[in-house]
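Beneath this line is the structure, given in C-alpha cells, with notes to follow.
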Amino acid sequence: MSETILIVEDEPKLARLLGNYLSQAGFETDSVDNGLQVLPLVRSRMPALILLDLMLPGKNGIDICKEIRTFSPVPIIMITARIEEIDRLLGLELGADDYICKPFSPREVVARVRAVLRRSGPQAEYVSTGDLQLDGERFKATVRGRDLELTVVEFQLLSFLFSNPGRIYSRNQLMDRIYPDQRIVSDRTIDSHIKNIRKKISGVAPDRELIHSVYGAGYKFDAEIKS
Ligand code: CA
C-alpha cells in the first residue's frame, strides 16, 4: 500500500494547508475538489487514507463513503462543518474510521491521520476460534468461511475483544484502545461500531452472538453458542 493521503476538499485554501502539513509530516498527498473524482482515484491509486469533506460538489461525502465501503477498507476520516453532524453521521453507520470537525488545526489532523494509520497498520496475526477466523494482515474476519466485510475499526474492535475472551471492557477502555491519543467524540461511537459488527455477524450466522453487552459495564467477547 502507498503512503499517499487523498485529500478530498473543495475549499482550495484548506486543501493546500492540509497538503502542506501532511507533506511536512512525511506523507505523499493527492488532492481532489469534486466528489465525482474520488471513486476512480481510490480504485486506481489505492491511497493509504482518505480525508473526506462532507459537503462537496458532484457527490457528497456520505455517498462517497458508502460507495468506498462496498469495495475497500481504506481508512476514512470524515471532515464536517458542524460538531452536531458527527452524531448524525455516526447514526448512519457509514463505516468511517474517525471524524474531525471544522475549524481544526492542521496539526490535529496530522495526529489523527497518524493514529488511524497506526491502528490500521499490518498485523500479521491469524487467529481463529471455532467458526470465527481473523486475518490481521487483510483485516478480514470470517464466520464459517463467510467474510464479515468489517471496516478497519470494526476489525480492530472485534480482534481486541477476541484477544481476551470473557473479559468485560467498558466503552471508555474500548475508546482508549481504538482512539488512543484523542479526545472522545462521543461514547456512542463504540456502540455504533459494535452494533455494526453484530449486524454483520448475524447476517452470515444468525445463531451466533460473539460480542455480548454487559448491562451498565460494557462489552465482552464470548464464542458460546446461543441457547
Ligand atoms: Ca466542502
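Whatever order the structure lists ligands and atoms in, that order sets their numbers, starting from 1.
Ring planes of Phe162 and Phe221: perpendicular class, angle over 60° (limits at 30 and 60°).
Considering only residues two or more places apart in sequence or on other chains, Arg82 meets the side-chain hydrogen bond (donor to acceptor under 3.5 Å, both in side chains) condition with Glu84.
Side-chain contact between Val214 and Lys220 is present, with at least one heavy-atom pair separated by less than 4.5 Å.
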| task | Take Arg45 and Glu28 through the salt bridge (Lys or Arg N to Asp or Glu O under 4.0 Å) test and state the conclusion after the steps. | result | CA-CA 12 Å; Arg45 298 199 206 158; Glu28 310 254 315; over 6 Å; no
| query | Yes or no on salt bridge (Lys or Arg N to Asp or Glu O under 4.0 Å) for Arg198 and Asp191, after CA distance, side-chain angles and deciding distance? | reply | CA-CA 10 Å; Arg198 285 171 147 173; Asp191 292 336; over 6 Å; no
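Excluding waters, the count of protein N/O/S atoms less than 3.0 Å from the Ca ion (ligand 1) comes to 3.
With hydrogens and angles disregarded, no donor-acceptor distance shorter than 3.5 Å links the side chain of Ser72 to the backbone of Ile68.
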